[in-house]
Amino acid sequence: MEGVTVHKALRNYFLFSSLNDEQVSRITSKARKISVSAHSSLFEQGDIADRFFLLLNGKIKLYRLSPDGNEKIIEFVNPGQSFAEAIMLMDRNTYPVSAMALSDSELISINSREFSRLLKESVDTCFLLMADMSKRIRGLIKEIDDLSLHSATCRVSAYLLQSQMERQEAGSFKFNVPKSMLASRLSVKPETFSRILKSLVDSGVISVAGDCVTVHDEDKLREFAQITVYSESISVMPNACDFRIVN
């Protein structure tokens with residue numbers, strides 16, 4: 001989306017697809033393109049949530065901090081994805097998570113109040129927003145089940161399997177974020193994540209060279225991931241490759 005105008009980016013985004021040109025222009029008039037440098041904060045947990053965002057380039061980490069300062073990664077946001085739009089439908093008006101750029105990032109910042117007004121004018125857009133939220137809720141419920149019912153080895157193996165399938169390059173793929181962040185997202189300790197990788201390497205299922213992983217035995221990896229037949233997804237973690245919620 002490099003070099004794209006705000007109006008064009010919004011027009012091409014599914015959430016605005018049901019709006020007419022005049023409505024998109026209203027959103028554009030109160031939207032702005034912003035840049036966030038790597039490792040800089042976009043907003044903090046508890047900040048007033050008067051805007052939501054569409055990521056054009058880069059990568060964003062959404063996370064929460066526990067009272068004792070431990071970080072739990074909630075989601076990684078990739079280009080073409082939006083975040084924080086559901087907050088405008090909630091009673092609270094603060095962000096429940098913090099957002100930090102993992103790389104130099106370019107976003108469109110959208111005025112939540114103006115978009116809320118347009119929702120009252122466009123039933124189709126309301127349904128698109130509800131459908132998107134429904135997908136995310138189903139994914140989060142499934143993730144809760146996975147965290148409760150499946151072992152750490154299962155979750156890590158499922159991540160590796162989905163990554164290998166979605167980003168395959170001659171049987172290999174690269175971790176797109178640091179391993180410590182992946183561990184947090186999969187709700188395992190970094191040392192546990194490392195031990196699981198070593199165990200999979202020792203068993204001949206995978207090999208690891210730096211941030212590059214090669215899957216040698218996909219069937220065995222499926223066994224470790226405890227994959228069963230799902231109607232909508234083969235992964236025990238929702239879209240574990242990039243952690244966005246899917247059906």
What's the spacing between [X] [atom1] and [Y] [atom2] if we round to 0.5 Å?
X      : Y      : atom1 : atom2 : result
Asn57  : Leu107 : CG    : CG    : 9.0 Å
Ser25  : Lys30  : OG    : NZ    : 13.5 Å
His216 : Ile206 : NE2   : CD1   : 8.0 Å
Leu182 : Phe193 : CG    : CZ    : 5.0 Å
Gln45  : Ile74  : CD    : CD1   : 9.0 Å
Phe76  : Arg185 : CZ    : CZ    : 7.5 Å

Qualifying residues under side-chain hydrogen bond (donor to acceptor under 3.5 Å, both in side chains), relative to [X], sequence neighbours excluded:
X      : result
Asn70  : Asp68
Ser98  : Glu44
Arg26  : Glu114, Glu121
Ser194 : none

Nearest atoms (heavy-atom pairs only) where [X] meets [Y]:
X     : Y      : answer
Val6  : Ala31  : CG1-CB, 4.0 Å
Ile60 : Ala101 : CD1-CA, 3.7 Å
Leu55 : Asn78  : CD2-C, 3.5 Å
Ala99 : Leu62  : CB-CD2, 3.6 Å
His39 : Leu102 : CE1-O, 4.1 Å
Pro79 : Leu56  : CB-O, 3.4 Å

Side chains of [X] and [Y]: does their closest heavy-atom pair fall under 4.5 Å?
X      : Y      : result
Val97  : Phe43  : yes
Leu160 : Leu197 : yes
Ile48  : Thr94  : yes
Ser187 : Arg155 : yes
Ser203 : Lys220 : no

Exercise. Under 3.5 Å, side chain of Ser151 to main-chain N/O of Cys154, donor-acceptor pair present?
Worked result: yes
For this session: Please check if the side chain of Gln23 supplies one atom and the backbone of Asn20 the other of a donor-acceptor pair under 3.5 Å.
Result: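 Answer holds: yes.
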Exercise. Looking at residues at least two apart in the chain, or sitting in another chain, which of them share a salt bridge (charged side-chain N to carboxylate O under 4.0 Å, His left out) with Asp21?
Worked result: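 Counting only residues at least two positions away or on another chain, Asp21 forms a salt bridge (charged side-chain N to carboxylate O under 4.0 Å, His left out) with Arg11.
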For this session: Quick one: list whatever passes salt bridge (charged side-chain N to carboxylate O under 4.0 Å, His left out) with Glu71, sequence neighbours left out.
Result: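 Partners of Glu71 by the salt bridge (charged side-chain N to carboxylate O under 4.0 Å, His left out) criterion, ordered by chain and then number, come out as Lys61.
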For this session: Can you run down the salt bridge (charged side-chain N to carboxylate O under 4.0 Å, His left out) pairs that involve residues 194-211, sequence neighbours left out, and say none if there aren't any?
Result: Lys198-Asp202
Please name all residues satisfying side-chain contact (heavy atoms from CB on, under 4.5 Å) with [X], sequence neighbours left out, ordered by chain then number.
X      : answer
Ser103 : Lys59, Ser105
Ala49  : Ile87, Tyr95
Ser109 : Arg32, Ile34, Arg51, Phe53
Ser116 : Met88

For this session: Just grab all the ring pair (Phe, Tyr, Trp, His ring centres under 6.0 Å) pairs involving residues 96-121, residues at least two apart or on different chains.
Result: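 Residue pairs passing ring pair (Phe, Tyr, Trp, His ring centres under 6.0 Å), neighbours aside: Phe16-Phe115, Phe52-Phe115.
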Problem set entry | Among Ile108, Asn111, Leu10, the one residue meeting side chain to side chain contact (heavy atoms under 4.5 Å, CB included) with Ile27 | Leu10
